[in-house]
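Input: a single structure, listed below in structure tokens.
We count ligands from 1, going down the list as the structure has it; atoms in each ligand are counted the same way. Reckoned from all heavy atoms, side chains included, excluding hydrogens, waters and symmetry mates. In this text the structure is predicted, and so the values were computed from the model without any measurement.
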Amino acid sequence: MLQQTQVATVIPYFERWMALFPDPAALARAPEEKVLRAWAGLGYYARARNLQKAARVLAEGGAWPADTAGWKALPGIGEYTAGAVASLAFGTRAPILDGNVARVFSRLVGLDFLPGDKAEAGRAYWDLAARWADHARPGAVNEALMELGALVCVPAAPRCPACPLSAVCVARRDGRENRLPPLKKRVKAEVVLAAAVRVRDARGRLLVERRGAGAFLAGHEMFPLFLGDEARAETWQAAFHRRFPGLRLKNIRAAGRVRHSIMSKRYDVQVWDGEAAGSGSFPGPIWTREEDVEERLTNSLARKIWKAGNR
Ligand code: SF4
């Protein structure tokens, strides 16, 4: 939950999650829809799915992994999470390296490159992390490094006079604490054209579909959404009729525009309104009452689409 998300934001989610799924067995047997609903608002839904997959492995195996390799074998657990769990929860001498810790290391020993720059760069950082974790209380050391990066050795204006490492810090000695680590090269976001349509039937209910496996936002309920070539003003209606055979649209009008970023992509969504003529013969339509839309559509893009323009 904490990846790319601040602690204060995560706390209510975490508490709700633990009340719903107090142990791996509870998470393992929960329907995916319930899991995604509990995660709604945190984004990066693959993490919720991986957490459930990992819970299933743990629930079947019946035991927690004893070492970092065991944690890394679980879905969605990488080097950092494995090290954090193994050292903080189980006292294993496992290294950790997140953005905060990398910043501390860069300044402390004067590394003028980032861990992701090239393979050797990552190794230099992980070697340092391993040396710090080789301690009688590796969990405490790792937690201290993370806290130091979060509270003292902060990105802009590090609080060096308050830092317990200031006497041995290379950046501090050389007056380079504001120049290390080097800035990340900005990756330009890829723009993806999209069209979404809010279709109402004669009773004022809205058409919602569940996104198929492998699709963008798989497993989520969403207004009919078309991406890329299918999203152009002159093509989305044909794509709509292929997906919802027999459901004709009338009174189609542009309703607004929505921009939404996920990872390195920026979705530029034209929102349309339309009315359904005929009931259609497609499988699994979910006609949703207007008052239930907010509750039903849990992902933030769907909510933006719902709020776009005038309804
Ligand atoms: S002395 Fe300053 S730059 Fe060095 S680790 Fe401490 S806070 Fe960071």
Report, in ascending order of atom number, the atoms of ligand 1 lying under 4.0 Å from any heavy atom of [X].
X      : answer
Cys169 : 1 (S), 3 (S), 4 (Fe), 5 (S)
Arg107 : 3 (S)
Glu177 : 3 (S)

State whether [X] and [Y] are salt-bridged, where the test is any N-O pair (Lys NZ or Arg NE/NH1/NH2 against Asp/Glu carboxylate O) under 4.0 Å.
X      : Y      : answer
Arg37  : Glu33  : yes
Arg200 : Glu290 : yes
Asp292 : Arg296 : no

(request) Take Leu20 and Lys34 through the side chain to side chain contact (heavy atoms under 4.5 Å, CB included) test and state the conclusion after the steps. (result) CA-CA 9 Å; Leu20 284 169; Lys34 186 174 175 185; 3.8 Å; yes
Protein heavy atom at shortest distance from [atom]:
atom                    : value
atom 6 (Fe) of ligand 1 : Cys163 SG, 2.3 Å
atom 2 (Fe) of ligand 1 : Cys160 SG, 2.4 Å
atom 8 (Fe) of ligand 1 : Cys153 SG, 2.4 Å

(request) Please examine the side chains of Phe226 and Arg243, heavy atoms only from C-beta on, and report whether any two atoms are closer than 4.5 Å. (result) yes
(request) Heavy-atom distances under 4.0 Å are what count here, so tell me which part of Ser166 touches ligand 1: side chain, backbone, both or neither. (result) both
(request) Would you check, one step at a time, whether the test side chain to side chain contact (heavy atoms under 4.5 Å, CB included) holds for Trp287 with Val199? (result) CA-CA 9 Å; Trp287 289 103; Val199 181; 4.3 Å; yes
